[in-house]
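Only one structure is covered here, and it is reproduced in the block below.
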Protein chains: 2
Amino acid sequence: MSQKKPYMTIAKPTVEEDILLSWGAAYKKVNKGDIIFMEGGQSCFYYQLVKGRVRWVNINEDGREFIQVMIEEGESFGELPLFDEMPYAATAIADEDSIVLRLCKSHFHQMVRSSYDIHFNFTRLLVERLRFKFLTLKEIAYNNPEQRISNLLRYYKRNTSIGDKLVKLQYTRQQIADMTGLRVETVIRTIRNLHERGALKIQRGKVFF
Amino acid sequence: MSQKKPYMTIAKPTVEEDILLSWGAAYKKVNKGDIIFMEGGQSCFYYQLVKGRVRWVNINEDGREFIQVMIEEGESFGELPLFDEMPYAATAIADEDSIVLRLCKSHFHQMVRSSYDIHFNFTRLLVERLRFKFLTLKEIAYNNPEQRISNLLRYYKRNTSIGDKLVKLQYTRQQIADMTGLRVETVIRTIRNLHERGALKIQRGKVFF
DNA sequence: GAAAGAATATGACCTTAATCATATTTACGC
DNA sequence: GCGTAAATATGATTAAGGTCATATTCTTTC
């Protein structure tokens, strides 16, 4: 039950907690389902996830979500507007009860200016995110559901496990669908197929690979 | 004929030419179709486009291209590996005869370290590219061909023209297809429809809007 | 451990864009 | 201006994934 969750960590803790605190950041508790900020809104804060999980999504007219990034512990989010003064590109929603660190915009800018290393970490983070987008985009543009899902899983595993021991997927089929632009049913069917062909294992609905 | 081309400029000149030159950058001529660097390869240089156009693409097993970014004059490209030491995420091909500025990796790092503003410009560029990826991804994931294409055109126009005077699209149908993950025929048909409904104009095959 | 609510599963049918084939128009070199 | 290559156009057919409806299994809570 209280097993260590194998998180999908795209980046290491962006900024050390104590550094953020020294610049005046404050902890904030958010409940599952809470909206932290909204697509199109103006930005006032830098956010970093301390505990929990946040999904960073676009929501279309029919209420369908597209998950742009799953934010895991230690990762920053909502930093785009802090660098280009544009509105938020997507909405941040707590995927589970979470704790975030929040630093106001002006202090954030001072902090970035104060240290090459901190600044470089952000540059690096953006590069990693961009790389992931390059990958996702070519997947979605050219591959069939099976390849899209397989490659997402491969990526997940690479960022989640050491060695090649079995990993339990921490996403629902719906979330996979929302990350790949497919429908739940298609994801379910595809994962079933992969299971039948031995490419992964389904145990009580959960995916292991 | 020699009209000023309304380029799609996602970013302003990333680094001023004379600054690059002072750090030891050298001009290099490339012919239309030349490969500047290849996906998966190791990176040795920073590149910036002086003249012409470069497409930055993933190519799949069947030889189909997916255009990740169209690089316009003044923009940098291939900088991802310089920040994260990973291989190139895509292949850069000269879309027309072009001139690039090339700066070796170590000098690039010194340059970035030397000036907060130069560093910040890169951060900003990455943010803009990331924003564009967010946009493209949600388009591709959730919209039909018509919306994908319309939104691409809208984005093109915003980055290309001042005011709302008519713009001539500088992309072929094939390139639109390679940017949206659709097929040429679909793009052709969709643009025809848009033309029929008065959303844009086709004159001798060229698109104006 | 029973009930309620998520999440997963599965079948039948339908729609949309891909595919393939071929024609026409436009651009370009000499 | 003629010939060739590239780009655009259009019809017929197909297949892949979406849609809808419903069932089953798993998880959580009291």
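Chain letters run A, B, ... following the sequence lines, proteins first and then strands; every chain starts at 1. Because the structure is a prediction, the values reported are computed rather than measured.
Every residue two or more places apart in sequence or in another chain that forms a ring pair (Phe, Tyr, Trp, His ring centres under 6.0 Å) with Tyr88(B) is listed here: Phe37(B). Remark: Arg197(A) pairs with Glu146(A) by the salt bridge (charged side-chain N to carboxylate O under 4.0 Å, His left out) rule, at least two apart or across chains. Listed by chain and number, the residues in a ring pair (Phe, Tyr, Trp, His ring centres under 6.0 Å) with Phe134(A) are Trp56(B) (sequence neighbours excluded). Qualifying side-chain hydrogen bond (donor to acceptor under 3.5 Å, both in side chains) partners for Gln174(B), counting only residues two or more places apart in sequence or in other chains: Asp178(B). Looking at residues two or more places apart in sequence or on another chain, you find a side chain to side chain contact (heavy atoms under 4.5 Å, CB included) between Leu21(B) and Tyr27(B), Leu101(B). For Arg154(B), there are no salt bridge (charged side-chain N to carboxylate O under 4.0 Å, His left out) partners at least two apart in sequence or on another chain. By the side-chain hydrogen bond (donor to acceptor under 3.5 Å, both in side chains) test, Arg102(A) is found to be paired with no residue, residues two or more places apart in sequence or in another chain being considered. Scanning for side-chain hydrogen bond (donor to acceptor under 3.5 Å, both in side chains) contacts around Lys105(B) gives Glu85(B), with sequence neighbours left out.
Here the P atom of nucleotide dA27(C) and the NZ atom of Lys168(B) are 8 Å apart, to the nearest Å. Taking atom NZ on Lys32(A) and atom C1' on dT29(D), their separation rounds to 14 Å, with Å as the unit. At whole-Å resolution of the value, CG in Asp62(B) and P in dC20(C) are 11 Å apart. Put simply, CG on Leu182(B) is 15 Å from P on dG17(D), counting in whole angstrom units. Summarising the geometry, the separation between CG on Asn143(A) and P on dG17(D) is reported as 10 Å, rounded to the nearest angstrom. Between Ile149(B) atom CD1 and dT16(C) atom P the separation is 16 Å, expressed in whole Å. Atom-to-atom, CD of Gln147(A) to P of dA16(D) comes out at 13 Å; the value is rounded to the nearest Å. Rounded to a whole Å, the CD1 atom of Ile140(A) is 17 Å from the C1' atom of dA17(C).
No side-chain donor from either of Asn159(B) and Glu72(B) sits under 3.5 Å from a side-chain acceptor of the other.
Here Thr186(A) does not reach the OP1 or OP2 of dG17(D): none of its side-chain N or O atoms lies under 4.0 Å away.
One axis for each end of the helix from dG1(C)-dC30(D) to dC30(C)-dG1(D), each built from five base pairs, and the angle between them comes to 60° at 10° resolution.
Nearer the 5' end of DNA chain D, as judged by each residue's closest nucleotide, is the contact made by Pro145(A), out of Gln203(A) and Pro145(A).
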All N/O contacts under 3.5 Å from nucleotides 3-5 of chain C to the protein, with atom names and distances to one decimal?
none

Taking N or O atoms only and anything under 3.5 Å, show me the protein contacts with nucleotides 8-10 of chain C, one pair per line.
from	atom 1	to	atom 2	distance (Å)
dT8(C)	OP1	Arg173(A)	NH1	3.1
dT8(C)	OP2	Arg173(A)	N	2.9
dA9(C)	OP1	Arg192(A)	NE	3.2
dA9(C)	OP1	Arg192(A)	NH2	3.1
dA9(C)	OP2	Arg173(A)	NH2	3.3

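Salt bridge status for Asp97(A) with Lys32(A): absent, with no side-chain N to carboxylate O gap under 4.0 Å.
Every pair passing salt bridge (Lys or Arg N to Asp or Glu O under 4.0 Å) that includes a residue from residues 131-143 of chain B is listed here, sequence neighbours excluded: Glu39(A)-Lys138(B), Asp84(A)-Arg131(B).
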